[in-house]
Q: 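Handing you this structure, nothing more for now.
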Amino acid sequence: MPTDPVRIDVTTPSRRYTISLGDGLLDRLTRLLDESGAPRRRFVVSSPLVWRFHGQRFAAAADAEAIIVPDGERFKQLPTVSRVYDALIRANADRASTLITFGGGVIGDLAGFAAASYLRGIALVHVPTTLLAQVDSAIGGKVGVNHAPGKNLIGAFYQPYTVVIDPSVLGTLPRREFRAGLYEVIKYGMTSSPTLFERIGAERKAIFARDPQILSSVIAESCRIKAAVVDADEKEAGLRRILNFGHTAGHAIEAVTKYRRFRHGEAVAYGMLVAAELAVARGALAAHDRQALADLIALLGPLPPISDVPIGQLMEAMRHDKKMVAGRLHFVLPTAIGATAIVDDVTEKEMTKALAHVGFMKSRAPSTSPAVS
Ligand SMILES: NC(=O)c1ccc[n+]([C@@H]2O[C@H](COP(=O)([O-])OP(=O)(O)OC[C@H]3O[C@@H](n4cnc5c(N)ncnc54)[C@H](O)[C@@H]3O)[C@@H](O)[C@H]2O)c1
Ligand SMILES: [Zn+2]
């Protein structure tokens, strides 16, 4: 039995729109697109894999011209965006066109950027197909691509007309990708909701079995948290920074291992452990809360090993992170399950110690570089 759809409103200064979430909603796509006011000439950008699994169902539900481009982090770059432009131009897409993204975060970000920039912007709709995209990347309006030497260096804030989330497409998602998305759900629990945090552990069997009801409500809660933060701070001037919890060390871990060893969520899982370790050392977080986080992460399954990832390289990567504002690192410190504080006085010594405690590889010679703060 399909569950009742949930509707979550997002109200940003640049656009108001609705996230619709429910098992089987993909089959009602045309009605949802029409309700959102998305222009009738529609294009769908997807990847070969997602289209193979779910393209038929999509095509039966909505009339849209398909543009298939490769996904995966190494294709999240301007040449792939260019392929989308080429297809739009060949089809004479005009400003009264809608671009629907149908895939994971990579397709959403890169095709979203194509929509933001083609003819100075055409209507955008996200239909996310990974757990990470459903709870995170499809909400909030960040679109963009990677550019040597860094991730997400080219991009825009561009809100969609609507977001349609159908958890039933997650049935084909590999378990590792599924878990990678769950770490971002843990992040929401840690920053904003002790209840959500508890639920992940308590209901993990049903979550992993992708029970439609349980999964829908966990995704809905995550979307509500992200939507509320984005409502308050569309362009990440303040509150939205809490969503970077675990991402300072997380991004460094991804960069140092060249985006090959870890899924983004896995690196964030380690990043959260590092932040918690640092918070405990400062007396800002109780040791039992840090332990609860470590236990929950461990409960979901093994993470890739880190004992050969050098702390010196992680520190170097953090110095280049985009989250530096005027030379200061804004660091999200957990203060309890469901609460954080943003600080900008984290020293290199504290960070090094926290990384060592979590199990990263100690550098041979002490670093002589200046403090990160
Ligand atoms: N815009 C934002 O606010 C934001 C937030 C978080 C992450 N991101 C970005 O999201 C990207 C990561 O997204 P992701 O984790 O979804 O990775 P992804 O898009 O690479 O998808 C992961 C893999 O799953 C496959 N896949 C997608 N849907 C599937 C399905 N239903 N069944 C089977 N396979 C499926 C894809 O083909 C791909 O191989 C990163 O580039 C990151 O920077 C953006
Ligand atoms: Zn993330």
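Everything quoted here is computed from the prediction, not taken from an experiment. Counting starts at 1 for both ligands and their atoms, in listed order. Any value given below was found using the heavy atoms of this structure, including those in side chains, with hydrogens, waters and symmetry copies removed.
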Q: Which is it for Leu49 and ligand 1 at heavy atoms under 4.0 Å: side chain, backbone, both or neither?
A: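 Within the 4.0 Å criterion, Leu49 contacts ligand 1 through side-chain atoms alone.
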Q: Is there a nitrogen or oxygen of Glu177 sitting under 3.5 Å from a nitrogen or oxygen of ligand 1?
A: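 Not met; the criterion fails.
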Q: If we count only N and O atoms by modelled type, under 3.5 Å, do the side chains of Arg199 and Ser217 hold a donor and an acceptor together?
A: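 There is such a pair (donor and acceptor under 3.5 Å, judged by atom type) between the side chains of Arg199 and Ser217.
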Q: Show the atoms of ligand 1 that are less than 4.0 angstrom away from any heavy atom in Lys226.
A: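 Reading through ligand 1 atom by atom, the close ones are 3 (O).
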Q: Could you list which atoms of ligand 1 come closer than 4.0 Å to a heavy atom of His54?
A: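 That gives atoms 31 (N) of ligand 1.
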Q: Please list the nearest protein heavy atom to atom 15 (O) of ligand 1 with its residue and the distance rounded to 0.1 Å.
A: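 For atom 15 (O) of ligand 1, the nearest protein heavy atom is Arg263 NH2, 3.4 Å.
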Q: What do we get for Val50 next to ligand 1 when only non-hydrogen atoms under 4.0 Å count, side chain, backbone, both or neither?
A: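 Val50 to ligand 1: side-chain contact only, backbone stays beyond 4.0 Å.
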Q: Looking at Leu132, which atoms of ligand 1 are within less than 4.0 Å of one of its heavy atoms?
A: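 Per the distance check, 7 (C), 10 (O), 12 (C), 13 (O), 14 (P), 15 (O).
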Q: Measure the distances from the heavy atoms of Arg52 to every atom of ligand 1 and state whether one is below 4.0 angstrom.
A: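 No; Arg52 lies far enough from ligand 1 that no heavy-atom distance drops under 4.0 Å.
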Q: Below the 3.5 angstrom mark, is there an N/O of Val106, backbone or side chain, next to an N/O of ligand 1?
A: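 The answer is yes, given that Val106 and ligand 1 share an N or O pair closer than 3.5 Å.
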Q: Parallel, tilted or perpendicular: which fits the ring planes of Phe58 and Phe102, with parallel below 30° and perpendicular above 60°?
A: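 Tilted, since the angle between the ring planes falls between 30° and 60°.
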Q: Any N/O/S atom, backbone or side chain, of Glu184 lying under 2.8 Å from the Zn ion (ligand 2)?
A: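 Yes.
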Q: I'd like to know if the side chain of Arg261 reaches the main chain of Ile253, judged simply by a donor and an acceptor atom lying under 3.5 Å from each other, with no hydrogens or angles considered.
A: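 Checking the backbone N and O of Ile253 against the side chain of Arg261, no donor-acceptor pair under 3.5 Å is found.
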Q: Heavy-atom contacts with Asp71 under 4.0 Å: which atoms of ligand 1 show up? List them by number with element.
A: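 Taking each heavy atom of Asp71 in turn, ligand 1 has 36 (C), 37 (O), 38 (C) under 4.0 Å.
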Q: Is Lys151 near ligand 1, meaning one of its heavy atoms is under 4.0 Å from it?
A: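 Heavy atoms of Lys151 do come under 4.0 Å of ligand 1.
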Q: So is Val169 close enough to ligand 1, meaning a heavy atom under 4.0 angstrom away?
A: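 Yes, Val169 has heavy atoms under 4.0 Å from ligand 1.
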Q: Heavy-atom distances under 4.0 Å are what count here, so tell me which part of Glu73 touches ligand 1: side chain, backbone, both or neither.
A: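 Just the side chain.
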Q: Does only the side chain of Asn146 get under 4.0 Å from ligand 1, or the backbone, or both, or neither? Count heavy atoms.
A: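 Within the 4.0 Å criterion, Asn146 makes no contact with ligand 1.
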